[in-house]
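Beneath this line is the structure, given in C-alpha cells, with notes to follow.
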Amino acid sequence: MDNSAKHLLQRLVRRIPASMLKSTLDKWERLTAEKRKSLDFTQSKWIITQELVALCEKSELTVKHITELEMIYITENPNQGMWHTFQLVEPEDDAHSVELMQFKEQFKSHLRELQRNVSVKIKKHTDQAVWIRVAWGDGLSSPNHLKATYVVLYLQTPYVFVNALSSKHKPLLLQALTLSTRHQQIKAANLSGQKLTALRDLLMRQYQQVFPTKYPSPLAESDQSISKLRVEKVQAEASANRHRMAGETFGDGMLPALQSAVFKLETKFKDPTNEAMTQRDEPFICSVKFSSSNLLESLRHCASSGIASTPVTPMLSSIPLKGRNYFVITDNVLTA
C-alpha cells in the first residue's frame with residue numbers, strides 16, 4: 001500500500017461508526033475470513049485502524065480496493081453530506097433504451113475526454129440505483145480520492161443526485177451525464193438536503209399520496225341555526241375537513257424527511273397603517289426559511305391541527321407538488 005491508500009483507509013475507518021465496522025468489512029470481502037476474525041472490534045478505533053492497515057498491507061491492497069470499501073459504506077448509508085438534485089430534459093429518441101453497460105462505457109469515455117487524470121467507479125445498487133464515484137485530478141496531479149464526488153441516478157428516469165461537487169468540476173460532470181444518457185440538457189431541480197432517500201422519494205413520488213375527490217374548499221356555512229347543532233359535531237366535521245385537506249396536500253403515511261425550504265420573496269408591502277412602506281417604489285425583498293427534522297410532516301400537522309389555515313396556501317403546498325425546497329415569489333406569483 002502506498003501512502004495515499006493508507007491515508008484514505010485511515011480516514012474511512014474513522015468515519016465508519018464502530019458498531020458498523022465489522023459488517024462493512026464483511027461485505028467488502030477483500031480480506032479473508034481468517035484475517036477479519038483476527039481483528040478485535042472491542043479495542044479502540046485507533047488500534048483497530050492500525051491493525052487493519054497492517055492486514056491490508058500484507059494483502060497488497062491498493063487505492064482501488066479501498067475505494068470499493070468506501071462505496072459499500074456510502075451506498076449503505078446515503079443520508080450524509082449535502083445532496084443536490086438535477087433533472088435531465090429533452091431526451092433523444094433512444095434515451096429510454098440506454099442500458100447500464102452502455103452507460104458505463106460512454107460516461108467514462110466522455111468524462112475522460114473532458115478531464116485528464118480522473119478516476120471513475122460505477123456500481124449498481126440493490127434498489128436499481130446507479131452509483132458513481134468520481135475522484136478528480138488535473139493535467140499534473142493524480143486523482144484526489146479524499147475529495148470524491150458521488151452521483152446517483154436511476155436509468156430511464158430524469159433525476160440525478162450529486163454530492164460533493166465543486167463548481168470547477170460541475171460543468172464537466174453534467175456534460176458527461178447529459179451525453180451518456182442521451183439527453184440534450186440538464187438543469188438544477190432546486191431541491192437539496194442531507195437525506196438522499198427523502199429527496200428521491202419526494203421527486204419520484206415514492207410515498208403514499210392522497211388524491212382529492214373534490215376541490216378543497218372551506219366548510220360551507222350551515223343554513224340551520226348554530227344553536228341547533230351540537231358543538232361536538234361541528235368540531236368533528238371541521239377536524240375531518242382539515243385532515244382531508246392536509247392529506248390531499250402532503251400525502252398520507254410516512255413522508256420524505258425534507259429538512260428545509262427557502263422562499264425568496266419580492267413583492268409590494270401592503271399595510272394601510274404604514275404609508276412609508278406601502279408607498280415605496282422598490283419591491284420589498286426578504287427570505288423565509290422553514291426548518292424541521294421532517295418539514296413536510298410538520299406542515300401537515302400544522303394544517304390538520306388548525307395551526308395553519310386550510311386550504312393550504314400555495315406557497316406551502318408547492319413543496320410536495322413541485323418537489324423543490326427553493327422558490328422565488330415575485331408579485332404573488334410562485335416561480336422556481
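Below, each value reflects all heavy atoms present in this structure, side chains not excepted, and no hydrogens, waters or symmetry copies. What you are looking at is a predicted structure, and each value in this text was computed from that prediction instead of being measured. Positions are given from 1, in the same order as the sequence printed here.
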Could you check whether atom NZ of Lys58 has more than 12 heavy atoms from other residues, nucleotides or ligands sitting under 6.0 Å from it?
no
Nearest heavy-atom neighbours spanning Val98 and Leu155:
O-CD1, 4.1 Å
How close do Leu191 and Asn325 get, counting heavy atoms only, and between which atoms?
CA-OD1, 3.2 Å
Heavy-atom neighbours of Met254 CE exceed 12 at 6.0 Å
no
With distance as the sole test, does Thr149 use its side chain to make a donor-acceptor pair with the main-chain N or O of Ala164 at under 3.5 Å?
yes
Would you mind reporting whether Leu258 and Pro256 have side-chain heavy atoms less than 4.5 Å apart?
no
Quick one: list whatever passes salt bridge (Lys or Arg N to Asp or Glu O under 4.0 Å) with Lys264, sequence neighbours left out.
none
Cluster link Leu100 to Val160, ILVMFWY, side chain under 4.5 Å
yes
Name all pairs fulfilling the ring-ring contact (aromatic ring centres under 6.0 Å, His included) condition that reach into residues 52-92, sequence neighbours left out, sorted by first residue then second.
Trp83-Trp131
Answer yes if Leu321 and Phe250 sit in the same cluster of Ile, Leu, Val, Met, Phe, Trp and Tyr residues linked by side chain heavy atoms under 4.5 Å apart, and no otherwise.
no
Interatomic distance, CD@Gln87 vs CZ@Arg324, rounded to 0.5 Å, equals 7.5 Å
Closest non-hydrogen atoms of Gly323 and Leu203, given as atom of the first, atom of the second and distance, are O-CD2, 3.4 Å
In the hydrophobic clustering (ILVMFWY, side-chain contacts below 4.5 Å, transitive), which residues join Trp46, or is it alone?
Ile47
So, does Thr249 use its side chain to make a donor-acceptor pair with the main chain of Ala246 at under 3.5 Å?
no
Report yes or no: does Ser119 contribute a side-chain atom to a donor-acceptor pair with the main-chain N or O of Ala135 at less than 3.5 Å?
no
Are Leu196 and Leu255 in one and the same hydrophobic cluster, where Ile, Leu, Val, Met, Phe, Trp and Tyr link if side-chain heavy atoms are under 4.5 Å apart?
yes
Taking Ile74 as the starting point, is it possible to reach Leu173 by hopping between hydrophobic residues whose side chains are less than 4.5 Å apart?
no
Which pair of non-hydrogen atoms, one from Val162 and one from Leu165, has the smallest distance, and what is that distance?
CG1-CB, 3.6 Å
Would you call Leu61 and Leu31 a side-chain contact if the rule is heavy atoms closer than 4.5 Å?
yes
Look only at the side chain of Ser38 and the backbone of Lys35, and say whether a donor-acceptor pair between them is shorter than 3.5 Å.
yes
Student check: side-chain heavy atoms of Met82 and Ser192 closer than 4.5 Å
yes
State, yes or no, whether a side-chain contact exists between Glu51 and Leu55 at a heavy-atom distance under 4.5 Å.
no
Closest non-hydrogen atoms of Val89 and Ile186, given as atom of the first, atom of the second and distance, are CG2-N, 4.4 Å
For Ile48, what residues pass the side chain to side chain contact (heavy atoms under 4.5 Å, CB included) criterion, not counting sequence neighbours?
Leu21, Phe41, Gln43
Side-chain contact test, heavy atoms from C-beta onward, threshold under 4.5 Å: evaluate it for Leu316 versus Phe290 and give yes or no.
yes
Is the closest basic N to carboxylate O distance between Lys123 and Glu68 below 4.0 Å?
no
Taking all heavy atoms of Lys289 and all of Val262, pick out the closest pair and write down the distance.
CG-CG2, 3.9 Å
Counting distance only, does the side-chain N/O of Asn190 pair as donor-acceptor with the main-chain N or O of Phe327 below 3.5 Å?
no
Which residues satisfy the salt bridge (Lys or Arg N to Asp or Glu O under 4.0 Å) test with Lys27, sequence neighbours excluded?
Glu76
Contacts of Lys22 meeting salt bridge (Lys or Arg N to Asp or Glu O under 4.0 Å) (sequence neighbours excluded), chain-then-number -> Asp26
Distance in Å, Ile319 CD1 paired with Leu202 CG, rounded so as to fall on 0.5 Å steps:
9.0 Å
Checking Asn77 now: which residues fulfil side-chain hydrogen bond (donor to acceptor under 3.5 Å, both in side chains) with it, not counting sequence neighbours?
none
Working to the nearest 0.5 Å, report the span between CD of Gln50 and NZ of Lys6.
9.5 Å
Interatomic distance, CZ@Arg242 vs OG@Ser305, rounded to 0.5 Å, equals 7.0 Å
Check whether more than 12 heavy atoms from other residues, nucleotides or ligands sit under 6.0 Å from atom CG of Leu140, and answer yes or no.
no
Could you check whether atom CG of Asp94 has more than 12 heavy atoms from other residues, nucleotides or ligands sitting under 6.0 Å from it?
yes
Taking ring-ring contact (aromatic ring centres under 6.0 Å, His included) as the cut-off, I'd like each qualifying pair that reaches into residues 88-124, sequence neighbours left out, listed once.
Phe103-Phe107
Residue pairs involving residues 140-183 (criterion ring-ring contact (aromatic ring centres under 6.0 Å, His included); sequence neighbours excluded):
Trp136-His169
Only pairs under 3.5 Å count here: list side-chain donor-acceptor contacts from residues 292-303, not counting sequence neighbours, and write none if there are none.
unit_1 : atom_1 : unit_2 : atom_2 : d
Ser292 : OG     : Asn294 : N      : 3.2
Ser292 : OG     : Asn294 : O      : 3.4
Ser292 : OG     : Ser298 : OG     : 2.8
Asn294 : OD1    : Glu297 : N      : 3.2
Glu297 : OE1    : Arg300 : NH2    : 2.6
Glu297 : OE2    : Arg300 : NH2    : 3.3
Ser298 : OG     : Asn294 : O      : 3.1
Arg300 : NH1    : Gly251 : O      : 2.8
Arg300 : NH1    : Gly253 : O      : 3.2
Arg300 : NH2    : Gly253 : O      : 3.0

Does any non-hydrogen side-chain atom of Leu25 lie less than 4.5 Å from one of Leu39?
yes
Kindly work out whether a path of hydrophobic side-chain contacts (I/L/V/M/F/W/Y, heavy atoms less than 4.5 Å apart) joins Leu177 to Val120.
yes
Within the structure provided, determine whether Glu70 and Lys121 are in side-chain contact (heavy-atom separation under 4.5 Å).
no
If we only count heavy atoms from C-beta on, is the Thr157 to Gln128 side-chain gap below 4.5 Å?
no
Find the distance between NZ (Lys322) and OG (Ser317) and round it off to the nearest 0.5 Å.
9.5 Å
Can you measure from CG (Leu52) to CZ (Arg36) and round to the nearest 0.5 angstrom?
11.5 Å
Do any N or O atoms from the side chain of Asn117 and from the backbone of Asp138 form a donor-acceptor pair under 3.5 angstrom?
yes
Any chance CZ of Arg112 has more than 12 other-residue heavy atoms, nucleotides or ligands included, within less than 6.0 Å?
yes
Which atom pairs, donor and acceptor, lie under 3.5 Å between side-chain atoms of residues 9-20 and protein residues at least two apart or in another chain?
unit_1 : atom_1 : unit_2 : atom_2 : d
Arg11  : NH1    : Leu146 : O      : 3.1
Arg11  : NH2    : Leu146 : O      : 2.5

Partners passing side-chain hydrogen bond (donor to acceptor under 3.5 Å, both in side chains) against Lys108 (at least two apart in sequence or in another chain)
none
Examine distances only and state if a side-chain atom of Gln115 and a backbone atom of Gly137 form a donor-acceptor pair shorter than 3.5 Å.
yes
